[in-house]
*Asks:* 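Quick one: structure below, then a few questions.
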Amino acid sequence: MILRVILALLIAVHSSCQEHGAFKVFRVLPTTNQQLLQMIRLFETADTDRADFWHAPSVVNGTVDIMVAPEHTDQFRQYLEKHGYTFQVAIDDLHKLLIEKEGNLSTHSNDDAFFLKRLHDDVGFHSRLRMGEYYSYSVLSTWLERIAENMPDIAKLIKVGTTIEGRDILGLKFGKDTPDKKIVVIDAGIHAREWAAIHTASYFINLIVNGREEDPQIQNYLDNIVLYIIPVLNPDGYEYTRTDKTNPRARMWRKSRSPKACAFDGVRNSCCMGVDLNRNFDFRFSEIGASRYPCSEIYHGPSAFSEPESKAYSQFLTSLKGRLEAYITLHSYSQLWIYSYSHRKFTYAPDIEETRRVAAKAVQELGRMYGTKYRHGTGPEIICGSTDWAKETLKIKYSYTIELRPGYEEWNGFVLDKNQLIPTAKETWAGVTVVLDEVTNQWKSSRVRESELSRLRQEKCSDRLPGCAYWLQSSPNICRFSQSTMVRDCAKTCNLCHMIAV
Ligand SMILES: [Zn+2]
């Protein structure tokens, strides 16, 4: 609270003439425990506009990137100096960087109408979406709809739910569903500004739809597992980030677009829109790494699953319980392959060995493509997100959060260079196939085991006593009513071969 008051006063005193300055990103290094705690408090209480943390502070001597709006940069610098922080300005002018890195990207803002018309009217359906670009949500969702309409043998459209602004949260379901098959779910875009994650999930869809004939591995997945991909979990937020793409205030939006909520922060009543949907899950809700202030970028919302997006998504995942073997959520950035749990350090799920083994293999496979170095482990940031909820509530074997390129130490953060978009998606797919292979192979070998068992049962199946046929004739329900005895004595006559022990 004291910190908030100090910061608010600093801001009030100095809110002067910086209107036309630049958004900056400060790289701050907390070097003492006290500084770390101060940073964590700031992270949990600061208004996004004043200090938008691109990373949660987690350890002493671990850098933290913080975006600061032009009218607050002087005060923020003074604040850091006053408290003896080691820091540097990592991005001097974020607006300029956005123009440089993303300004020439074809984002289809003006072409949307034409693009949609083409998707609708082309003679013959073009399932291929040109990758290496960012598309509006309406283009992406029309694309998904058209795939499902035109390729019903491999994909079905699914609607997870509806957003607060009324958009459908859409995804595709791949593979023929049978009740015994295992399910894998991949999502992206729960955080609006993480465009590289949305691009990567779209790339996966493109690859499956268009690459399956040349790639036996993809056909193998289509035959043996059920795979859901939901490329944009927070379409309202995503569309908002596209409204003014070189304006950091819009482009760096992270939350949903839920209506304004207010909270008194010790100085004033602050009201802001949006909830961090990944902090709205019912796992250690509001306990740590989240904020109760609506103006914070990590605002957790009024209660667990208060938001239509996270509520619908949790219901969707819960409906798959029992068959859901892997859940992968794509975020950016840091190059990390994260498994549970992240709410407290050194806290693991009971099956950690297996989770870790597959993560290590995935990271190795990912790195084989371009040498990109990923680390794996429990989250370095203390948070409570969707994968931890899924791990605990749904007992999913492989539940991973992947933080894509760039690496933690790179300056550009969320602004991934255009040239890196496709390589990022490609290498991530290579890592993800390790998980998909694992699920596919385990299912296949369980099928082989089952068919071998059934063969052995048929071979061994016989009646132990000679009177079986007579008993059945005089008492037609005897097989059902005295099942365990009849499995032992009259398995063949009673058709109970599948129950005998082998
Ligand atoms: Zn994220």
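Ligands are counted one by one from 1 in listed order, and the atoms in each one are counted from 1 as well.
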*Asks:* Identify, with sequence neighbours excluded, every residue that meets side-chain contact (heavy atoms from CB on, under 4.5 Å) alongside Gln34.
*Replies:* Thr32
*Asks:* Can a cation-pi geometry be assigned to Arg251 and Trp195, taking NZ or CZ under 6.0 Å from the six-membered ring centre and within 45° of the ring axis?
*Replies:* yes
*Asks:* Would Arg254 pass as a cation-pi partner of Phe414, given that its NZ or CZ must be under 6.0 Å from the six-membered ring centre and within 45 degrees of the axis?
*Replies:* no
*Asks:* Less than 4.5 Å apart, side chain to side chain, heavy atoms only: is that true for Leu421 and Met131?
*Replies:* no
*Asks:* So which protein N/O/S atoms does the Zn ion (ligand 1) have within less than 2.8 Å?
*Replies:* His191 ND1, Glu194 OE1, Glu194 OE2, His331 ND1
*Asks:* Describe, in one word, how the ring planes of Phe305 and Trp389 are oriented to each other, choosing from parallel (under 30°), tilted (30 to 60°) and perpendicular (over 60°).
*Replies:* perpendicular
*Asks:* Using 4.0 Å as the upper bound for N to carboxylate O, is an ion pair formed by Arg41 and Glu44?
*Replies:* no
